[in-house]
Amino acid sequence: PAPPDVTAAVHYVRFELTPADATLTVDEEPVPHAELARVALSPGPHRVVVRAEGHATHEETLTVDSNDKDKVVRVALAPDKATLVMRATDA
């Protein structure tokens, strides 16, 4: 018999992250920025974590269905820190 087609079990997910310098891990593995447009995932649940300095961390379980094609996941992190700059005009 022919070997199973393992590429049929892989789906590609595109991640769009805000802010642009946010980092992504999927199932505890870091995903390089260059690969965010095409992350290979097998069908089933995956733990997704998005982080960026000065923003709240986003965590979710992303389930990839065997029927998913060209899935896009958009994550916009909410700022959790602010910087206040005060300038005195009078000494």
Side-chain angles (χ1 to χ4, degrees):
D5 183 5
V6 293
T7 60
V10 173
H11 298 278
Y12 293 96
V13 177
R14 184 173 80 221
F15 287 88
E16 296 177 357
L17 309 179
T18 303
D21 65 342
T23 61
L24 171 69
T25 60
V26 177
D27 299 328
E28 308 297 327
E29 293 292 325
V31 176
H33 262 257
E35 296 177 16
L36 291 178
R38 191 170 160 91
V39 179
L41 297 175
S42 60
H46 298 275
R47 183 169 182 265
V48 173
V49 179
V50 180
R51 292 186 173 91
E53 181 67 35
H55 293 77
T57 297
H58 173 85
E59 296 184 43
E60 72 174 275
T61 298
L62 172 67
T63 300
V64 175
D65 186 273
S66 59
N67 295 321
D68 284 338
K69 297 217 187 255
D70 302 319
K71 186 177 189 102
V72 178
V73 176
R74 292 177 181 91
V75 178
L77 299 179
D80 70 353
K81 295 180 184 173
T83 301
L84 176 63
V85 177
M86 297 178 67
R87 298 177 201 267
T89 58
D90 190 359

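- To the nearest 0.5 Å, the span separating NZ on K71 from OG1 on T63 amounts to 7.5 Å.
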All N/O donor-acceptor pairs, side-chain side in residues 38-49, below 3.5 Å, sequence neighbours left out:
unit_1, atom_1, unit_2, atom_2, d
H46, ND1, D27, OD2, 2.6
H46, NE2, S42, O, 2.7
R47, NH1, E28, OE2, 2.6
R47, NH2, E59, OE1, 2.7

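- Residues satisfying the side-chain hydrogen bond (donor to acceptor under 3.5 Å, both in side chains) test with E60, not counting sequence neighbours, are H58.
- Atom OG1 of residue T23 and atom NE2 of residue H33 lie 7.0 Å apart, to the nearest 0.5 angstrom.
- A pairwise comparison of heavy atoms in P19 and H55 identifies CG-CE1, 3.7 Å as the closest pair.
- With sequence neighbours excluded, the residues forming a side-chain hydrogen bond (donor to acceptor under 3.5 Å, both in side chains) with D65 are N67, listed by chain and number.
- Sorted by first and then second residue, the pairs that involve residues 10-21 and meet salt bridge (Lys or Arg N to Asp or Glu O under 4.0 Å), not counting sequence neighbours, are R14-E16, E16-R74.
- Closest approach of V50 and A22 over heavy atoms only: CG1-CB, 3.8 Å.
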Worksheet item: Could you walk me through whether V72 and D70 pass the side chain to side chain contact (heavy atoms under 4.5 Å, CB included) check?
Response: CA-CA 6 Å; V72 178; D70 302 319; 5.9 Å; no

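- With rounding to the nearest 0.5 angstrom, the CD atom of E35 is 10.5 Å from the OH atom of Y12.
- For the side-chain contact (heavy atoms from CB on, under 4.5 Å) test, residues two or more places apart in sequence or in another chain that qualify with D80 are A56.
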